[in-house]
Amino acid sequence: MTKEDDYLLQLNDQQRDAVVYNDGPQLVIAGAGSGKTRVLTYKIVHLLHHGYEPWRILALTFTNKAAKEMRERIQQMVGPAVASQLWMGTFHSIFARLLRFNADLIGFKSSFTIYDAADTKSLVKTILRDMELDDKVYKPATVIAAISNAKNALISPDMYIADSAQMSADERAKRPALGAIYRAYCARCRHAGAMDFDDLLYYTNVLLRDNPDIRRKYQEYFRYVLVDEYQDTNFAQHVIIRQLCEESKALCVVGDDAQSIYSFRGANISNILNLHKSFPALRTFKLEQNYRSTQNIINAANTLIAKNKEQIPKQVFSRNDVGSRIEVVQAYSDYEEAILVANKVSQMQMRSHDPYNEFAILYRTNSQSRRLEESLRNRNIPYRIYGGLSFYQRKEVKDIVAYMRLAVNPDDDEAFKRVINTPARGIGDTTVNRLIHTAMHCGVSMWNVATSLDCYDTGLKSAAIKKVTGFVELVQKFVGMITANASAYDVARSIVEDTRMLASLIHDNTPESISKQENILELLQGISEFVGERMEQSAQETTLVDFLANVSLSSDQDMSDSNGEAVTLMTVHAAKGLEFNNVIVVGVEEELFPSAMSCDTLRGIEEERRLLYVAITRARRHCVITYAASRYRNGQTAPTRPSRFIGDIDRGYLYISPGSEFSRSDSVINPLDNYRDSMGGRMADDRRRSFRHPLVDDEPARSNIHPVNLSSNPVGSSGGTQADGGTHDVADIKVGMRIEHSRFGVGTISAVTSNAPSPTITVAFNVVGEKKLLLKFARFTILDS
DNA sequence: TACTGCAGCATTTTT
DNA sequence: TGCTGCAGTA
Ligand SMILES: Nc1ncnc2c1ncn2[C@@H]1O[C@H](COP(=O)(O)OP(=O)(O)OP(=O)(O)O)[C@@H](O)[C@H]1O
């Protein structure tokens with residue numbers, strides 16, 4: 001081995017085999033943290049060392065951030081000049097580029113717009129209204145999912161409508177018009193010169209399928225294709241890969257079926273399982289050693305995932321430290337959970353001296369972040385939330401962006417609708433609806449109608465026509481600038497000035513207005529930075545079209561990372577592929593994790609279990625799982641039960657946190673009892689006695705464990721007392737009493753004021769601290785005096 | 001047409 | 001709880 005090959009020494013034998021193999025299609029299938037991404041990265045370096053031109057290597061990742069990190073890693077090994085020339089990115093961003101080069105072949109302009117989720121939804125709603133369909137029956141979300149599924153399965157509207165099985169299934173589901181909606185949706189996108197996310201994959205397939213010369217060109221051009229996270233690719237992506245590699249067979253994909261968590265997006269592990277059918281010479285490589293996590297974490301994760309029926313058996317082991325057990329923490333409420341988590345973070349931080357960016361708090365749904373955010377802020381712990389609404393989703397920013405979209409492609413109906421009356425220029429719903437209606441029925445864009453009002457029978461009055469014409473002229477100015485090759489920044493600045501969107505805010509000094517002004521300026525700043533960066537790199541793709549594509553394709557996930565030390569808050573989905581020294585998985589409860597939506601099928605449950613597997617295996621050294629006994633959801637607090645998945649993990653790898661804060665007597669009526677009654681269940685008294693945490697050995701009266709039931713069948717209790725203990729008269733209250741509150745947990749009464757019109761008590765709660773409660777409303781149980 | 005206020009309702013995950 | 005759609009008013 002020469003010095004050049006030093007990088008090969010940083011791999012184990014199995015990894016090295018996979019890296020140097022170059023005799024055909026290759027599948028690397030291995031568990032979490034076994035170095036799959038590392039293999040992909042090093043393989044690219046290996047290819048570069050062996051004479052492959054960087055611009056002829058195509059590497060597809062799951063997020064833009066992953067692509068960026070891989071490129072940086074490679075750059076360290078081969079230098080920026082080479083690394084910057086690699087084709088590296090998500091399927092969507094890479095193929096959007098490819099589609100722009102060849103747009104004419106599929107009947108689009110190279111400046112086509114990319115519709116985001118909001119545009120898609122708005123368009124679907126418009127179509128539903130036009131077709132006079134009830135949006136209670138045709139729920140936009142359902143319609144969008146149906147369209148997305150069809151595209152991901154490469155089913156065109158015509159195929160969909162011709163498929164009698166599909167159509168009769170829709171009929172049975174009382175949604176016979178889905179096919180027609182799909183057709184209308186695609187037609188509208190076409191007239192608008194727009195593609196949605198799924199279209200980027202769909203039309204790439206069409207492009208390659210219908211244009212043999214183009215297909216051959218790219219087959220030859222890309223000498224090697226590598227794909228990360230293959231378990232989460234869908235059929236459309238699979239077929240793209242097949243078309244690109246069917247001749248060269250120079251393909252390396254890596255994945256882990258146990259980490260397939262995007263089935264809602266059409267991801268399908270049969271892509272992995274059936275890869276050998278597309279590539280009979282496929283050779284499979286396995287990696288078994290986990291380098292990321294402690295033995296305890298890996299073993300715990302292994303016992304969890306072993307409960308799944310559908311999986312490829314595989315070995316994962318760790319030779320790192322044994323490490324500590326996964327800690328399971330119980331809280332009374334989501335509120336208390338958030339405080340416990342914040343405490344945990346600072347406790348672990350003090351013990352390990354890890355910087356805050358080595359901490360991640362992972363949750364199932366984005367809405368869980370708010371509570372955590374509050375408690376971290378109260379404790380002055382820096383954090384960064386991923387997901388949620390991004391900069392580009394704010395109203396004022398979207399408005400400016402809509403003008404930019406129109407400048408580049410005035411047929412973009414969604415942008416047109418958005419700003420035709422923004423800022424207000426007296427164009428009301430009636431006028432807009434007439435334009436929509438005319439455009440739909442003449443098969444043209446709203447812009448087409450608006451620019452030739454005399455050719456269409458819109459029924460608009462002259463006052464309305466005048467206003468619309470004013471808007472058209474405004475947009476035309478921007479379109480003209482684009483045609484004249486004005487720079488992205490100049491067009492954007494002109495938009496901000498001419499629409500007076502910034503000027504109209506300037507006299508308003510409310511915080512909201514100031515924030516809007518800042519956002520608009522930041523957008524301009526963002527454009528100039530974008531152009532600046534691109535100029536430095538290649539002086540290519542610096543137009544407004546490129547900026548807009550970047551906006552639609554780069555999500556919040558990809559935004560400026562590592563800006564300072566901060567705890568990461570994100571969904572488990574978003575954490576895929578990442579790693580942290582310390583991971584806290586919160587809200588591990590029935591109906592949340594697993595989600596209530598996934599509970600009716602085994603497939604659904606197994607995917608949720610994989611999701612928890614992903615969450616746990618993000619941790620290098622410490623992992624904590626928390627759940628609460630009640631949670632605030634949809635405007636009310638509901639009792640919750642711990643997730644069945646906790647019970648799936650071998651007890652030996654868990655530490656059920658006793659924590660004094662859980663001190664609570666067994667005689668107390670469980671807050672869940674009432675709920676269970678209302679569910680119609682009944683539980684015998686003796687049954688209730690064992691109503692303790694089943695993870696705890698069944699010894700009598702373990703008073704330090706919060707009595708929550710792990711079994712997933714909802715059982716009721718015969719408890720006659722009010723679940724939350726009800727309210728109390730001031731005469732029954734004494735300072736020094738210990739009480740239990742379903743939200744705040746256990747605490748001691750430190751003061752009583754009975755003089756005021758409404759008596760209050762002050763309680764020092766064990767976890768959440770001191771609270772003042774109005775006795776009239778406070779519901780709690782008296783534990784002892 | 002523009003703006004306000006209210007009632008009802010829904011909630012997974014994302015390129 | 002927070003958004004969306006709708007009705008009512010200026
Ligand atoms: N041979 C090795 N020597 C040292 N560290 C390694 C080796 N292989 C992998 N690692 C480290 O193990 C960690 C996990 O690697 P990597 O992210 O490539 O795994 P992965 O299989 O892609 O993980 P996952 O599927 O969980 O996302 C990384 O920190 C990586 O640097």
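In what follows, every chain begins at residue 1, and chains take the letters A, B, ... in the order their sequences are listed.
The listed nucleotides are B:dT15, B:dT1, B:dT12; the one nearest the side chain of A:T430 is B:dT1. Considering only the side chain of A:H92, B:dT15 comes nearest among B:dT13, B:dA2, B:dT15. Nearest to the side-chain atoms of A:Y632 among the listed nucleotides B:dT15, B:dT14, C:dT1 stands C:dT1. Of the candidate nucleotides B:dA2, B:dT12, B:dT13, B:dT13 has the atom nearest to the side chain of A:T571. Listed nucleotides: B:dT14, B:dA2, B:dT12. Nearest to the side chain of A:A424: B:dA2. Taking every side-chain heavy atom of A:A574 into account, B:dT14 is the closest of B:dT12, B:dT14, B:dT15.
Counting heavy-atom neighbours within 6.0 Å of A:R425 CZ, excluding the residue itself, gives a total above 12. The environment of A:K121 atom NZ is sparse: at most 12 non-hydrogen atoms of other residues, nucleotides or ligands sit within 6.0 angstrom. Annotation for A:R370: atom CZ does not count as buried by contact number, only 12 or fewer foreign heavy atoms lying within 6.0 Å. In this structure, A:D600 places its CG atom where more than 12 heavy-atom neighbours from other residues, nucleotides or ligands lie under 6.0 Å away.
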Legend entry - Trace of the salt bridge (Lys or Arg N to Asp or Glu O under 4.0 Å) decision for A:D546 with A:R534: CA-CA 10 Å; A:D546 301 308; A:R534 291 266 164 120; 5.0 Å; no
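Atom CZ of A:F593 and atom C1' of B:dT13 are 10 Å apart (whole Å). In this structure, A:R364 atom CZ and B:dT14 atom P are separated by 9 Å, rounded to whole Å. Regarding A:K136, its NZ atom lies at a distance of 10 Å from the C1' atom of C:dT4, rounded to whole Å. The nearest whole Å value for the distance from the NZ atom in A:K139 to the P atom in C:dT4 is 17 Å. In this structure, A:R609 atom CZ and B:dT13 atom P are separated by 21 Å, rounded to whole Å. Atom CD1 of A:I144 is separated from atom C1' of B:dT14 by 13 Å (rounded to the nearest Å). Here B:dT13 presents its P atom at 24 Å from OH of A:Y613, a figure rounded to the nearest Å. Computed from coordinates, the A:Y386 OH to B:dT14 P distance equals 14 Å when rounded to whole Å.
One finds no salt bridge joining A:R364 and A:E589 here, because no Lys/Arg side-chain nitrogen approaches an Asp/Glu carboxylate oxygen to under 4.0 Å.
The two atoms that bring A:K136 and A:K139 nearest to each other are O-CG, 3.4 Å, heavy atoms only.
In this structure, A:N421 does not reach the B:dT1 phosphate: none of its side-chain N or O atoms is under 4.0 Å from OP1 or OP2. Regarding contacts with the backbone of B:dT12, every side-chain N or O of A:R265 stays at 4.0 angstrom or more from both OP1 and OP2. At the phosphate of B:dT15, neither OP1 nor OP2 sits under 4.0 Å from any side-chain N or O atom of A:N234. Regarding contacts with the backbone of B:dT12, every side-chain N or O of A:S367 stays at 4.0 angstrom or more from both OP1 and OP2.
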Would you tabulate the nitrogen or oxygen pairs shorter than 3.5 Å linking the protein to nucleotides 5-7 of chain C?
| unit_1 | atom_1 | unit_2 | atom_2 | d |
| --- | --- | --- | --- | --- |
| C:dG5 | OP1 | A:K125 | NZ | 2.4 |

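For A:F264, the ring pair (Phe, Tyr, Trp, His ring centres under 6.0 Å) partners are A:Y262, A:H573, not counting sequence neighbours.
Among the protein residues, A:D198 comes within range of no part of the nucleic acid, since none of its heavy atoms lies under 4.0 Å from any strand. Looking at heavy-atom distances under 4.0 Å, A:R633 makes no contact with the nucleic acid at all. Nucleic acid contact for A:G635: base, since at least one base atom lies under 4.0 Å from a heavy atom of the residue.
Residues A:D429 and A:S93 both approach DNA chain B. Their nearest nucleotides, taken by heavy-atom distance, put A:D429 toward the 5′ side. Nearest-nucleotide positions on DNA chain B for A:T431 and A:H573 put A:T431 closer to the 5' end.
Of the residues A:L362, A:T571, A:D334, A:L592, the one that meets the side chain to side chain contact (heavy atoms under 4.5 Å, CB included) test with A:Q368 is A:L592.
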Legend entry - Secondary-structure notation, DNA chain C, from Watson-Crick and G-U pairs under 3.5 angstrom (| other strand): .|||||||||
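Ring orientation note: the planes of A:F222 and A:Y218 are close to parallel, at an angle under 30° on the 30°/60° scale.
Taking the C1' atoms as reference points, C:dG5 lies 24 Å from B:dT12, given to the whole Å.
We find the CG-CG distance between A:N64 and A:N550 to be 7.5 Å, quoted to the nearest 0.5 Å.
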